[in-house]
K.L.:
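One structure, as structure tokens, below. Some questions next.
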Protein chains: 2
Amino acid sequence: MTPPISEPARIMLVDDHPMLRRGLADLLAMEDDLQPVAQAGSGEEAIQIATSIEPELDLILLDLNMPGLNGIETTKALRTAGVDAKIIIFSVSDEHSDVVEALREGADGYLLKDMEPEEIVLQIRAAAQGKTALSPELTHILASAIKGRLEPASQPVDLTRREKDVLELIAKGQSNKLIARNLEISEGTVKVHVKRVLHKLGLRSRTEAAIWALEHDLAKSI
Amino acid sequence: MTPPISEPARIMLVDDHPMLRRGLADLLAMEDDLQPVAQAGSGEEAIQIATSIEPELDLILLDLNMPGLNGIETTKALRTAGVDAKIIIFSVSDEHSDVVEALREGADGYLLKDMEPEEIVLQIRAAAQGKTALSPELTHILASAIKGRLEPASQPVDLTRREKDVLELIAKGQSNKLIARNLEISEGTVKVHVKRVLHKLGLRSRTEAAIWALEHDLAKSI
DNA sequence: TTTTTGTTACCCCTTTGTGGGTAGCCTCGA
DNA sequence: TCGAGGCTACCCACAAAGGGGTAACAAAAA
């Protein structure tokens with residue numbers, strides 16, 4: 001299991017709880033091939049360190065819920081900054097949208113905090129070797145995303161009246177300006193609704209929203 | 001791990017190699033909660049048995065590569081026939097398209113034949129309990145599918161080949177940048193194709209194009 | 001009562017998309 | 001052999017969309 005002669009993986013731990021960082025660092029330090037070389041208490045700090053440290057990091061373990069930049073935002077920023085260390089999100093959340101978004105933004109893994117320490121070590125090692133580190137409980141989330149349905153273990157998706165109105169018009173291909181005219185509200189307000197719809201559904205663009213609406217039959221007559 | 005008082009899961013093994021069925025049956029029979037009650041040497045035979053056996057099967061282990069109907073085609077046929085037993089594809093192939101297609105057609109799991117017997121038992125038990133049985137090596141395939149990529153195809157319109165490719169990806173909600181990555185061309189070139197598609201179809205936005213594609217069946221979901 | 005939720009509206013800024021152009025390189029068929 | 005169509009790639013400019021924030025106000029819930 002332990003790689004032969006290669007260098008140990010240089011790892012940074014990012015979490016706003018020092019105690020948790022400490023525990024993780026101790027856990028990893030016991031492994032010959034895993035070397036915790038840096039810690040950060042926030043996403044901002046993590047970015048600063050990751051872009052300046054030498055030699056470069058091999059792997060970053062990122063807490064999802066942090067004040068300031070959260071794990072996903074930090075992942076995005078790190079990728080934009082050209083950091084190509086493996087990134088693993090470490091979280092208590094098994095929310096569908098969190099997992100999917102994390103992977104979309106460039107994370108290489110998503111582990112749940114309630115995993116056994118031994119299992120965490122195994123997954124981190126797997127990620128360092130280029131595999132996708134994923135808590136076994138989460139595979140069904142990816143599988144259902146593939147199958148195209150999001151319900152089984154997730155949220156029932158409750159859009160407000162207005163959000164549904166906007167989504168319906170998006171699904172007709174209308175621009176924000178047109179939607180504003182049709183609903184007799186400002187374009188800025190339409191944008192607010194669009195933003196919320198995208199966030200609630202875990203989507204990235206109005207086109208995805210339109211597709212979602214069509215597939216879920218939330219579109220009225222075109 | 002073993003369920004308390006419930007009935008053992010009734011399992012059918014489908015593979016064109018009798019020896020492999022034999023080995024699997026022996027393996028499963030050693031478990032109190034797993035009960036191999038039927039075997040089939042082909043997809044056709046599997047469908048015949050699954051639709052007639054009483055009481056109904058709980059789980060079907062399907063070889064992917066078989067003469068005649070393969071595992072995925074058999075899965076599709078079984079689902080169409082109303083069989084709602086859990087279906088696990090058992091294969092030597094870790095091809096991206098096989099895994100994704102199997103899940104899309106209604107399989108509940110996808111296991112590789114080179115797994116350890118103990119692990120196979122664990123995964124089958126997990127599937128029987130409603131979880132997604134997936135070889136750990138395959139999680140990265142789902143992850144990359146989530147991140148967005150796929151093989152192209154073609155349909156009948158007055159669009160060029162490349163324009164159809166682009167339109168298909170638009171209909172999956174992908175951005176120009178993602179499309180560029182998937183088709184391995186520059187983003188600028190994607191924009192050219194998008195421009196032409198919109199012009200040829202008389203549309204004003206990619207969202208309208210996506211809707212058009214969905215309504216004209218020029219889209220293949222994830 | 002206070003708090004929360006939904007709707008409205010605006011600010012900021014960055015990213016993405018749209019529409020026009022030129023141009024090199026293929027392949028296929030006249 | 002040449003030309004047309006198709007694919008590639010870049011230029012430019014502007015429009016649209018997305019993501020963050022604050023804030024007012026009414027209605028519903030705690």
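Chain letters run A, B, ... following the sequence lines, proteins first and then strands; every chain starts at 1.
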K.L.:
Do any side-chain nitrogens or oxygens of T189(B) fall under 4.0 Å of OP1 or OP2 in dA9(D)?
P.N.:
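So the side chain of T189(B) is within the cut-off, an N or O lying under 4.0 Å from OP1 or OP2 of dA9(D).
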K.L.:
Check this one for me: any side-chain N or O of R161(B) less than 4.0 Å away from OP1 or OP2 of dC7(D)?
P.N.:
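The answer is no; no side-chain N or O of R161(B) sits under 4.0 Å from OP1 or OP2.
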K.L.:
Would you say dT8(D) has OP1 or OP2 under 4.0 Å from some side-chain N or O of S186(B)?
P.N.:
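No, S186(B) has no side-chain N/O under 4.0 Å of OP1/OP2 on dT8(D).
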K.L.:
Ignoring the backbone of K195(B), work out which of dG20(C), dA9(C), dT7(C) is nearest its side chain.
P.N.:
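Selected nucleotide: dG20(C).
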K.L.:
Is it true that R79(B) and D108(B) have a side-chain N and a carboxylate O under 4.0 angstrom from each other?
P.N.:
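A salt bridge is present here (some side-chain N lies under 4.0 Å from a carboxylate O).
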K.L.:
Could you check which of dA9(C), dG18(D), dT7(C) has an atom nearest any side-chain atom of T160(A)?
P.N.:
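Nearest nucleotide to the side chain: dT7(C).
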K.L.:
Can you find a donor-acceptor N/O pair under 3.5 angstrom joining the side chain of K191(B) to the base of dG19(C)?
P.N.:
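It does not, because no donor-acceptor pair links the side chain of K191(B) to the base of dG19(C) below 3.5 Å.
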K.L.:
Is any side-chain nitrogen or oxygen of H193(B) closer than 4.0 Å to OP1 or OP2 of dT8(D)?
P.N.:
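Result: yes.
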K.L.:
Let's see if you can work this out: which of dC10(C), dT18(C), dG18(D) has an atom nearest to the side-chain heavy atoms of R206(B)?
P.N.:
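From the listed options, dT18(C) comes nearest.
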K.L.:
Any donor and acceptor pair, going by atom type alone, linking the side chain of E208(B) with main-chain N or O of R204(B) inside 3.5 Å?
P.N.:
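Between the backbone of R204(B) and the side chain of E208(B) there is a qualifying donor-acceptor contact (under 3.5 Å).
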K.L.:
Please walk me through it: do R162(A) and I185(A) pass side chain to side chain contact (heavy atoms under 4.5 Å, CB included)?
P.N.:
CA-CA 11 Å; R162(A) 219 46 171 165; I185(A) 56 181; 3.6 Å; yes
K.L.:
Looking at dG17(C), I'd like to know if its phosphate oxygens (OP1 or OP2) sit under 4.0 Å from a side-chain N or O belonging to N176(B).
P.N.:
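Yes, because at least one side-chain N or O of N176(B) sits under 4.0 Å from OP1 or OP2 of dG17(C).
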K.L.:
Nearest-nucleotide wise, let me know which of R196(A) and E184(B) is further upstream toward the 5' end of DNA chain D.
P.N.:
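Nearer the 5' end of the strand: E184(B).
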K.L.:
Side chain of L198(B) only, heavy atoms from C-beta on: which candidate in dT18(C), dT8(C), dA9(D) is closest?
P.N.:
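Of all the options, the side chain of L198(B) is nearest to dT18(C).
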K.L.:
Check whether any side-chain N or O of K177(B) sits under 4.0 Å from OP1 or OP2 of dT15(C), and answer yes or no.
P.N.:
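Looking at the OP1 and OP2 atoms of dT15(C), neither is under 4.0 Å from any side-chain N or O of K177(B).
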K.L.:
Look only at the side chain of R10(A) and the backbone of A38(A), and say whether a donor-acceptor pair between them is shorter than 3.5 Å.
P.N.:
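Side chain of R10(A) to backbone of A38(A): no pair is present.
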K.L.:
If you count the non-hydrogen atoms of other residues, nucleotides and ligands that lie under 6.0 Å from NZ in K113(B), is the total more than 12?
P.N.:
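Above 12, so yes.
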K.L.:
Counting just side-chain N and O atoms, does R162(B) come under 4.0 Å of either OP1 or OP2 of dT8(D)?
P.N.:
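For dT8(D), OP1 or OP2 has a side-chain N or O of R162(B) closer than 4.0 Å.
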K.L.:
Across the strands shown, which category fits V194(B) at heavy-atom distances under 4.0 angstrom: base, sugar-phosphate, nothing?
P.N.:
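The answer is sugar-phosphate, as V194(B) gets under 4.0 Å only of primed atoms, P, OP1 or OP2.
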